[in-house]
Asker: 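Sending over a structure as structure tokens; questions will come in a sec.
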Amino acid sequence: MVHARILETEAYGGGDDPASHAFRGPTPRCAVMFGPAGFLYVYRSYGVHWCMNVVTESTGTASAVLLRAAEIYSLPVDGAARDTKSLLLSGPGNLTRGLGITGTDNGQDCCEESTGRVSFQESRVDVGAVRVGCSKRIGLSRGQERLSRYFLEGYPALARNRSRVTKKSTES
DNA sequence: ACATGGATCGCCT
DNA sequence: GGCGATCCATGTA
């Protein structure tokens, strides 16, 4: 069993979000985004990579959170605080490659009744001690202005933190 | 039918 | 900072 801690995500909406696959309504590819929360939406990117999302809103409302970076451990995350060995999976393509996620995982329940290879659970880390940064999403041709990318502070190896905006208004 | 281009990455200069 | 790899959903005819 592999354990991973999510470090970086991006939020995508539906008809209100021109950067979302669901912008123009359901298609065979993005149908899962219109389903219930807690299911995986996996798609092929640039013909090369797999990208992994978790659906977040109820049936009929398209939404998903793209997982962009994670840290994987051979132990549960709280144990890993002592065993500092971890592997950084930075970038959505690297993340799916490192976890072995492919198109065959698309549409799986990964929360309530996870039957597949992926399941999520509440973090055992002290969430109160974690600082979350926010920025524009990366690599878009539409909807670039939204500040819907979230990442843990203190991980410089994450995707370039350009256009960065944090809670401190003094930062540029 | 066919053309297009993207929620990317790694390697090149 | 630029480019090639490589697939397929989508738009247009």
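Fair warning: this is a prediction, and the values are worked out from it, not measured in the lab. Side chains are part of it too, since the values below use all heavy atoms of this structure and drop only hydrogens, waters and symmetry mates. Each chain gets a letter, A, B and so on, in the order the sequences are listed, and its residues count up from 1.
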Asker: Is A:Arg137 reaching over with its side chain to a backbone N or O of A:Ala11, donor-acceptor style, under 3.5 angstrom?
Answerer: yes
Asker: Specify the separation, in whole Å, of atom CZ of A:Arg44 and atom P of C:dA5.
Answerer: 16 Å
Asker: Same hydrophobic cluster for A:Leu89 and A:Phe120, using side-chain heavy-atom links shorter than 4.5 Å among ILVMFWY?
Answerer: yes
Asker: Please determine whether residues A:Tyr46 and A:Val42 belong to a single hydrophobic cluster, defined as Ile, Leu, Val, Met, Phe, Trp and Tyr linked transitively by side-chain heavy-atom distances below 4.5 Å.
Answerer: no
Asker: Could you tell me the separation between the CD1 atom of A:Ile138 and the P atom of B:dG6, rounded to a whole number of Å?
Answerer: 16 Å
Asker: Exactly one of A:Leu66, A:Ile138, A:Leu67, A:Ile101 should register a side-chain contact (heavy atoms from CB on, under 4.5 Å) with A:Pro92. Which one does?
Answerer: A:Leu66
Asker: What are the two closest non-hydrogen atoms of A:Ser45 and A:Cys51, and how far apart are they?
Answerer: CB-SG, 3.7 Å
Asker: Nearest to the side chain of A:Arg24 - B:dA7, C:dG11, C:dA5?
Answerer: C:dG11
Asker: Please name the pair of heavy atoms, one in A:Ile6 and one in A:Leu152, separated by the smallest distance, quoted to 0.1 Å.
Answerer: O-CD1, 4.1 Å
Asker: Identify which nucleotide among C:dT10, B:dA7, B:dG10 has an atom closest to any side-chain atom of A:Arg97, counting heavy atoms from C-beta outward.
Answerer: B:dG10
Asker: What is the distance, to the nearest angstrom, from the CG atom on A:Asn94 to the P atom on B:dC11?
Answerer: 11 Å
Asker: Please report the distance, rounded to the nearest Å, between CZ in A:Arg142 and C1' in B:dT4.
Answerer: 12 Å
Asker: Counting distance alone, no hydrogens or angles: does the base of B:dA7 have a donor or acceptor under 3.5 Å from a partner atom on the side chain of A:Tyr46?
Answerer: no
Asker: Without decimals, in angstroms, what is the distance between A:Glu8 CD and B:dA7 P?
Answerer: 16 Å
Asker: Contact class for A:Arg146 vs. all strands (heavy atom < 4.0 Å): base, sugar-phosphate, or nothing?
Answerer: nothing
Asker: Nearest heavy-atom pair of A:Asn94 and A:Arg97: which atoms, and what distance?
Answerer: OD1-NH2, 2.8 Å
Asker: Whole angstroms only, please: what is the CZ-P distance between A:Arg149 and B:dT8?
Answerer: 11 Å
Asker: For A:Tyr41 and B:dA7, give me the distance from atom OH to atom P, rounded to whole Å.
Answerer: 10 Å
Asker: Below 4.0 angstrom, which residues in residues 49-64 of chain A have at least one non-hydrogen atom near DNA chain B?
Answerer: A:His49, A:Asn53
Asker: Expressed as a whole number of Å, how far does the P atom of B:dC2 sit from that of C:dT6?
Answerer: 23 Å
Asker: Quick check: does any side chain N or O of A:Arg142 sit under 3.5 Å from a backbone N or O of A:Pro18, one acting as donor and the other as acceptor?
Answerer: yes
Asker: Measure from CZ on A:Phe23 to P on C:dG11 and round the result to the nearest Å.
Answerer: 11 Å
Asker: A:Cys30 and A:Ala22: which non-hydrogen atoms are nearest, and at how many Å?
Answerer: SG-CA, 4.0 Å
Asker: So what is the 5' to 3' dot-bracket string for DNA chain C, if pairs are Watson-Crick or G-U wobble with both distances under 3.5 Å, crossing pairs use [ ] and | means the partner sits on another strand?
Answerer: |||||.||||||.
